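Working notes, beginning with the structure itself.
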Amino acid sequence: MNSDKLVEDKRKWYETDSAMLHVLAMFLMLLDHTWATLLPSQEWMTCVGRIAFPIFAFMIVEGYYYTHNFKKYLLRLLVFALISEMPFNYMCNGTLVYPFHQNVMWTFLIALLGIRGMEQVKKKGKVWFTICGCFLVVGGCTLLGFATFVDYFGVGVLMVFAFYFFRGRKWWCYVGQFATMYWLNVGLLGGYYYPVKIFGMAFELIQQGFALLALIPIWLYRGRQGYHAKWFQYVCYAFYPAHILILVLIGIVTHGL
């Protein structure tokens, strides 16, 4: 057998692609939301679920670079943000309308608009203008994330930007991703602890710190799209509001939520 073919096969064995990352993130998100609605005693589920958001944040950046039509990409996020809002509100707050916590699609929508804005700024060509412009865009989008109470607030928007600024497979990109992920998740979002025992010794791990594990499948990604049928693309979008709605309905039936 051709040696190049052997190398290619080996690479496929351990690498991830876009479809795999989406499926993994959806599964982890399902665990987290199942904990939030049906199994609050199973705290490990929300710890593992912390891994989902960074993967989605990473894929938003990849989606920007690979989409053939930015306006359609933006419109899809907007439509599913609107569809998801009521189920999300009920899951989190027990009411269909709640202005102080918006679903994660809005977080990604703000970040995507920010990326578009920074790309437009870069086209001006002048270094000083690019630096100042990007600084203003990042600051404005972060403040907007906090002001509109989107999921993960402005920190979630910054997490998307982290993958935008450190996009690539050079060593400094990996260092930058790890450093910003640690700062955002442990430094800014940390606070809840998960007790564990290892060889009889008790430890407390920061729940949000589990998000750093998302870097493992992200770093194994090499730009391959993987399975990309049209129906699969829309399933990935529809999964968010659909699984929340199903969990809420199950909760109403079983627990009277």
Side-chain angles (χ1 to χ4, degrees), residues 25 28-29 32-33 36 46-47 49-65 70 73-74 76-82 84-85 88-89 91-93 97-122 130-167 173 175-193 206-215 218 240-241 244:
L28 295 171
M29 179 174 61
D32 186 33
H33 290 164
T46 188
C47 291
R50 300 301 89 199
I51 302 173
F53 182 86
I55 297 177
F56 282 125
F58 172 78
M59 295 312 299
I60 285 293
V61 177
E62 290 300 295
Y64 174 82
Y65 283 102
F70 174 77
Y73 186 28
L74 196 69
R76 283 194 297 269
L77 278 178
L78 175 60
V79 169
F80 281 97
L82 293 170
S84 304
E85 192 58 30
F88 179 82
N89 287 339
M91 179 182 71
C92 294
N93 307 289
V97 179
Y98 189 76
F100 303 109
H101 194 181
Q102 319 306 324
N103 73 77
V104 77
M105 291 288 191
W106 297 108
T107 311
F108 294 144
L109 195 64
I110 292 173
L112 191 61
L113 286 170
I115 291 173
R116 183 66 165 184
M118 287 186 281
E119 287 292 303
Q120 295 300 313
V121 167
K122 288 180 180 180
T130 298
I131 294 174
C132 292
C134 288
F135 181 81
L136 289 174
V137 170
V138 170
C141 290
T142 302
L143 290 175
L144 183 61
F146 281 109
T148 54
F149 304 101
V150 296
D151 204 20
Y152 281 87
F153 299 96
V155 178
V157 176
L158 286 175
M159 212 175 303
V160 179
F161 289 159
F163 289 113
Y164 168 71
F165 285 117
F166 297 107
R167 183 174 184 263
C173 294
V175 172
Q177 289 176 13
F178 180 84
T180 51
M181 285 282 289
Y182 185 89
W183 172 57
L184 294 171
N185 288 281
V186 178
L188 298 183
L189 293 177
Y192 294 100
Y193 292 86
I206 297 177
Q207 281 189 6
Q208 194 60 38
F210 282 86
L212 293 173
L213 295 175
L215 292 175
I218 287 173
Y240 184 66
I244 293 176

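Bear in mind that the values here come from a model prediction, so they are computed numbers and not experimental data.
- Ion pairing between a basic and an acidic side chain is recognised when a charged N comes within 4.0 Å of a carboxylate O; Arg116 and Glu119 show no such pairing.
- Between Phe88 and Asn93, the closest side-chain pair of non-hydrogen atoms is not below 4.5 Å.
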Determine, stepwise, if the pair Phe146 / Val155 fulfils side chain to side chain contact (heavy atoms under 4.5 Å, CB included).
-> CA-CA 8 Å; Phe146 281 109; Val155 178; 4.0 Å; yes
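- Counting heavy atoms from C-beta on, the side chains of Met181 and Phe166 never come closer than 4.5 Å.
- Note: Phe153 CZ to Leu188 CG = 13.0 Å, rounded to the nearest 0.5 Å.
- In this structure, the side chains of Arg50 and Asp32 come closer than 4.5 Å at one or more pairs of heavy atoms.
- When every heavy atom of Gly114 is checked against every heavy atom of Val137, the shortest pair comes out as O-CG1, 3.4 Å.
- Screening Val138, Val61, Thr180, Ile115 for a side-chain contact (heavy atoms from CB on, under 4.5 Å) with Phe165, the sole residue that qualifies is Val138.
- A pairwise comparison of heavy atoms in Val186 and Gly209 identifies CG2-CA, 3.9 Å as the closest pair.
- Taking OG from Ser84 and CG from Asn89, the interatomic distance works out to 10.5 Å, rounded to the nearest 0.5 Å.
- Put simply, the residue from Phe58, Phe108, Tyr64, Phe56 that forms a ring pair (Phe, Tyr, Trp, His ring centres under 6.0 Å) with Phe163 is Phe58.
- Shown here for Pro54 and Ala214, the closest heavy-atom pair between the two residues is CB-CB, 3.6 Å.
- In plain terms, the two heavy atoms of Ile218 and Ile55 that are nearest each other are CD1-CA, 4.1 Å.
- Taken to the nearest 0.5 Å, the CD1 atom of Ile60 stands 8.0 Å off from the CE atom of Met105.
- Cys92 SG to Gln102 CD: the interatomic distance, rounded to the nearest 0.5 Å, is 10.0 Å.
- Ring-plane geometry between Phe100 and Phe149 is classed as perpendicular, the angle between the planes exceeding 60 degrees on a 0 to 90 degree scale with a lower cut at 30.
- In terms of modelled atom types and a separation under 3.5 Å, the side chain of Gln207 and the main chain of Thr46 share no donor-acceptor contact.
- Here the CD1-CG distance, from Ile131 to Leu136, works out to 12.0 Å after rounding to the nearest 0.5 Å.
- Heavy-atom neighbours of Tyr73 OH from other residues, nucleotides or ligands within 6.0 Å: above the threshold of 12.
- Closest heavy-atom contact between Glu85 and His101: OE2-O, 3.6 Å.
- Trp106 places a side-chain heavy atom less than 4.5 Å from the side chain of Leu78.
- A distance of 12.5 Å separates SG in Cys47 from CG in Leu28, rounded to the nearest 0.5 Å.
- Between Asn185 and Met159, some side-chain heavy-atom pair lies under the 4.5 Å cut-off.
- Of the possible polar contacts, one joining the Tyr240 side chain to the Val104 backbone as a donor-acceptor pair under 3.5 Å is found.
- In terms of heavy-atom proximity, Leu212 sits nearest to Tyr182 at CD2-N, 3.6 Å.
- More than 12 heavy atoms of other residues, nucleotides or ligands sit less than 6.0 Å from atom OH of Tyr65.
- Only one option out of Ile110, Leu112, Thr107 pairs with Leu77 in a side-chain contact (heavy atoms from CB on, under 4.5 Å); it is Leu112.
- No more than 12 heavy atoms of other residues, nucleotides or ligands shown are found within 6.0 angstrom of OH on Tyr193.
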